[in-house]
K.L.:
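Mind looking over this structure? Questions follow.
Just so you know, these numbers use all the heavy atoms, side chains as well, and skip hydrogens, waters and symmetry mates.
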Amino acid sequence: MKVLHLYRTCYPETKGGLEQAIRYICKGTAELGVENTILTLGDSDKDYMYENYRIIVVKKDIEISSNGFSFKLISTFIKLSRSHDIIHYQYPWPTGDLLSLFAPKKKPSLVSYQSDIVKQKLLKKVYWPLEQLFLSKVDRIAASSPQYASTSTNLLKFNNKVDIIPLAVDETSYPSLSSDNLNKWEQEVGKGFFLFVGVLRYYKGLLYLLEAANINKLPVVIAGDGPERDSLQAYIDKHELSNVKMVGFISEEDKVSLHTLSKAFVFPSHLRSEAFGISLVEAQMFGKPIVSCDIGTGSSYVNVDNKTGFTVEPANGKAFSDAMLRLDNNEGLRETYEQNARERFEQEFTSKRYTTNYMSLYNQLDKS
């Protein structure tokens with residue numbers, strides 16, 4: 001069986017959460033005999049093997065609102081789509097929707113539906129006819145959580161062909177804990193803090209986390225970089241939040257150390273642009289309780305309220321502060337949630353489970 005994967009970026013060219021998810025599908029199904037090819041865009045043409053699957057990078061010609069395009073991509077896609085048994089798209093990526101128009105008729109296909117288009121409302125109106133045609137043509141749609149499947153207008157419209165396949169992480173891909181690195185971070189940020197890891201974007205709700213930290217004065221470490229960094233630092237400086245440390249971009253080794261030193265994980269994303277939150281799964285892999293917001297997406301599927309942590313009203317610094325205090329003040333509850341978090345990871349979010357679910361879907365499509 002040959003599967004062609006399409007997305008605007010891929011691992012190891014870039015190392016975001018979705019790129020990792022595609023990597024785990026390719027890596028895991030390759031071990032089960034699938035020949036995977038990823039077709040993507042980049043700064044230059046490349047064609048190489050990685051972890052027993054093929055990556056083809058086509059040089060990008062233009063990019064509009066994070067949507068890259070290349071005329072060469074069309075001819076490359078036509079050639080590859082003819083030689084593969086199944087086409088696996090990712091949504092949202094309008095270029096992928098456009099490419100689907102050039103796929104061979106009756107070629108089995110599926111799309112992993114990661115998120116509604118939330119921010120680009122004007123472009124969404126222009127793109128809507130192509131989007132609806134694309135979603136009507138694919139054979140199956142994989143949603144990342146029951147919450148998203150039941151709240152997304154698109155997924156509700158096509159619910160007769162929606163499967164639920166939550167995202168996952170591969171625990172074996174993370175580095176072992178380094179005592180030297182651990183000691184370095186303990187000297188820099190201490191231990192027993194509330195940790196956030198991620199890109200500092202508008203929908204992450206980090207100003208509400210800072211509001212909470214200003215109320216409860218609990219120690220918070222924010223790891224990551226992004227467009228909201230300056231505004232967050234300005235808030236910290238204005239309110240003299242000595243209990244909050246922003247440490248910038250971190251390596252995978254640093255991430256292991258910071259999770260080990262932390263008391264709990266905080267995830268204040270307040271908009272539906274946050275469709276899942278792979279960092280929540282990482283936190284549960286490390287056995288950490290979570291405080292997050294209930295925004296009707298996969299974040300509330302990962303973090304089960306009053307079982308693996310707390311989910312609170314979004315954009316509410318006081319509610320977020322209260323939940324942090326409940327975890328901080330109750331060691332027994334925290335230990336229970338730590339155990340529950342690790343168990344939930346092992347039951348729901350391992351790369352083996354992820355691979356098995358997609359392999360089952362591929363087999364169904366290949367026989368149809």
Side-chain angles (χ1 to χ4, degrees), residues 1-10 13 18-19 21-22 25-26 34-42 45-47 54-144 152-163 275 358 361-362 364-366 368:
M1 184 192 305
K2 294 183 178 181
V3 179
L4 176 62
H5 301 260
L6 300 170
Y7 192 53
R8 61 186 180 87
T9 54
C10 79
E13 299 291 313
L18 180 51
E19 291 88 341
I22 299 169
I25 295 171
C26 292
V34 175
E35 294 183 40
N36 292 289
T37 301
I38 299 177
L39 177 60
T40 188
L41 290 170
D45 291 339
K46 300 178 186 177
D47 189 338
R54 185 183 181 189
I55 296 176
I56 299 175
V57 183
V58 176
K59 185 178 179 180
K60 181 168 47 183
D61 292 331
I62 57 174
E63 184 165 344
I64 301 173
S65 297
S66 301
N67 183 57
F69 179 75
S70 164
F71 289 99
K72 183 180 176 181
L73 189 65
I74 296 177
S75 58
T76 306
F77 170 75
I78 291 173
K79 181 179 178 180
L80 289 170
S81 63
R82 290 171 178 169
S83 62
H84 285 72
D85 303 306
I86 296 170
I87 303 174
H88 189 160
Y89 302 93
Q90 298 287 330
Y91 177 99
W93 188 39
T95 296
D97 299 13
L98 178 64
L99 290 175
S100 72
L101 301 178
F102 299 92
K105 291 183 178 180
K106 298 184 179 180
K107 177 72 68 171
S109 63
L110 74 153
V111 58
S112 293
Y113 194 102
Q114 304 298 347
S115 169
D116 294 332
I117 295 176
V118 178
K119 190 177 182 182
Q120 294 90 359
K121 293 183 179 179
L122 179 59
L123 287 175
K124 165 78 171 177
K125 291 181 180 179
V126 176
Y127 160 60
W128 186 83
L130 175 60
E131 171 200 63
Q132 296 300 302
L133 177 62
F134 168 70
L135 293 174
S136 67
K137 285 179 60 179
V138 292
D139 296 297
R140 305 298 301 175
I141 301 174
S144 59
S152 164
T153 301
N154 277 338
L155 294 179
L156 287 169
K157 182 175 182 179
F158 298 102
N159 65 354
N160 62 315
K161 55 182 178 181
V162 170
D163 298 272
Y358 268 108
L361 200 49
Y362 289 163
Q364 292 174 38
L365 288 170
D366 193 43
S368 62

K.L.:
Looking at CZ of Arg82 and CG of Leu80, how far apart are the two atoms once the value is rounded to the nearest 0.5 Å?
P.N.:
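Output value for this atom pair is 11.0 Å.
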
K.L.:
Would you mind reporting whether Ser81 and Phe102 have side-chain heavy atoms less than 4.5 Å apart?
P.N.:
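Side chain of Phe102 against side chain of Ser81, heavy atoms only: no contact under 4.5 Å found.
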
K.L.:
Could you measure the distance from the NZ atom of Lys2 to the OG atom of Ser83? Nearest 0.5 Å is fine.
P.N.:
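Answer rounded to 0.5 Å: 6.0 Å.
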
K.L.:
Measure the spacing between NE2 of His84 and OG of Ser109 and express it to the nearest 0.5 Å.
P.N.:
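OG of Ser109 is found 14.5 Å from NE2 of His84.
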
K.L.:
Got more than 12 heavy atoms from elsewhere within 6.0 Å of NZ, Lys59?
P.N.:
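No, NZ of Lys59 has 12 or fewer neighbouring heavy atoms, counting only those of other groups under 6.0 Å.
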
K.L.:
Could you go step by step and tell me if Tyr362 and Met1 meet the side chain to side chain contact (heavy atoms under 4.5 Å, CB included) rule?
P.N.:
CA-CA 9 Å; Tyr362 289 163; Met1 184 192 305; 3.6 Å; yes

K.L.:
Mind checking whether Asn154 and Gln132 have side chains closer than 4.5 Å, heavy atoms only?
P.N.:
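Yes. Closest side-chain heavy atoms under 4.5 Å.
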
K.L.:
Are Phe69 and Ile74 packed together at the side-chain level, in the sense that at least one heavy-atom pair is separated by less than 4.5 angstrom?
P.N.:
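The answer is yes; the side chains approach within 4.5 Å.
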
K.L.:
When you look at Ile86 and Leu4, which way does the side chain to side chain contact (heavy atoms under 4.5 Å, CB included) test go after all the steps?
P.N.:
CA-CA 6 Å; Ile86 296 170; Leu4 176 62; over 6 Å; no

K.L.:
List the atom pairs, donor and acceptor, that lie under 3.5 Å between side-chain atoms in residues 93-101 and the rest of the protein, sequence neighbours left out.
P.N.:
{"from": "Trp93", "atom 1": "NE1", "to": "Asn67", "atom 2": "OD1", "distance (Å)": "3.2"}
{"from": "Thr95", "atom 1": "OG1", "to": "Asn67", "atom 2": "OD1", "distance (Å)": "3.1"}
{"from": "Thr95", "atom 1": "OG1", "to": "Asn67", "atom 2": "ND2", "distance (Å)": "3.2"}
{"from": "Thr95", "atom 1": "OG1", "to": "Gly68", "atom 2": "O", "distance (Å)": "2.6"}
{"from": "Asp97", "atom 1": "OD2", "to": "Tyr127", "atom 2": "OH", "distance (Å)": "2.1"}
{"from": "Ser100", "atom 1": "OG", "to": "Asp97", "atom 2": "O", "distance (Å)": "2.5"}

K.L.:
With a 4.5 Å limit on heavy-atom distance, are the side chains of Leu39 and Thr76 in contact?
P.N.:
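Sidechains of Thr76 and Leu39: in contact.
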
K.L.:
Any side-chain heavy atom of Asp139 within less than 4.5 Å of one from Leu110?
P.N.:
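They are not in contact (no side-chain heavy atoms under 4.5 Å apart), so the answer is no.
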
K.L.:
Hey, could you give me the CD/CG distance between Glu131 and Asp116, rounded to the nearest 0.5 Å?
P.N.:
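Result: 8.5 Å between the selected atoms.
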
K.L.:
Between atom NZ of Lys161 and atom CD1 of Ile141, what is the distance when rounded to the nearest 0.5 Å?
P.N.:
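That separation rounds to 5.0 Å.
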
K.L.:
I need the minimum non-hydrogen distance between Ser112 and Tyr358, along with the two atoms involved.
P.N.:
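Residues Ser112 and Tyr358, closest heavy atoms: OG-OH, 2.6 Å.
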
K.L.:
To the nearest 0.5 angstrom, please state how far the CD1 atom of Ile56 sits from the NZ atom of Lys79.
P.N.:
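Spacing of CD1 (Ile56) from NZ (Lys79) equals 8.5 Å.
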
K.L.:
Could Arg8 and Glu63 be called an ion pair, given the rule that one side-chain N must be under 4.0 Å from one carboxylate O?
P.N.:
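Glu63 and Arg8: not salt-bridged.
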
K.L.:
So, do Tyr113 and Ser144 sit near enough that their side-chain heavy atoms are less than 4.5 Å apart?
P.N.:
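Tyr113 does not reach Ser144 side chain to side chain.
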
K.L.:
Should Tyr7 and Tyr89 be marked as a ring pair (Phe, Tyr, Trp, His ring centres under 6.0 Å) after you check the CA-CA gap, both sets of side-chain angles, and the distance that decides it?
P.N.:
CA-CA 7 Å; Tyr7 192 53; Tyr89 302 93; over 10 Å; no

K.L.:
I'd like to check His88 versus Gln90 (side-chain heavy atoms, cut-off strictly below 4.5 Å). Are they in contact?
P.N.:
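Of all side-chain heavy-atom pairs linking Gln90 with His88, at least one is under 4.5 Å.
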
K.L.:
Using a strict threshold of under 4.0 Å (side-chain N to carboxylate O), is an ion pair present between Asp61 and Lys72?
P.N.:
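No, this pair does not count.
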
K.L.:
Between Thr40 (side chain) and Thr9 (backbone), is there a donor-acceptor pair under 3.5 Å?
P.N.:
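Answer holds: yes.
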
K.L.:
Decide yes or no for Asp47 and Ile55: does some side-chain heavy atom of the first lie under 4.5 Å from some side-chain heavy atom of the second?
P.N.:
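Not touching, per the 4.5 Å side-chain cut-off.
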
K.L.:
So which atom in Cys26 and which in Asn36 form the shortest heavy-atom distance, rounded to 0.1 Å?
P.N.:
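Of all heavy-atom pairs spanning Cys26 and Asn36, the closest is O-ND2, 3.2 Å.
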
K.L.:
My understanding is that only one of Thr37, Ile25, Ile87 makes a side-chain contact (heavy atoms from CB on, under 4.5 Å) with His5; could you say which?
P.N.:
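Testing each of Thr37, Ile25, Ile87 against His5, the sole residue satisfying side-chain contact (heavy atoms from CB on, under 4.5 Å) is Ile25.
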
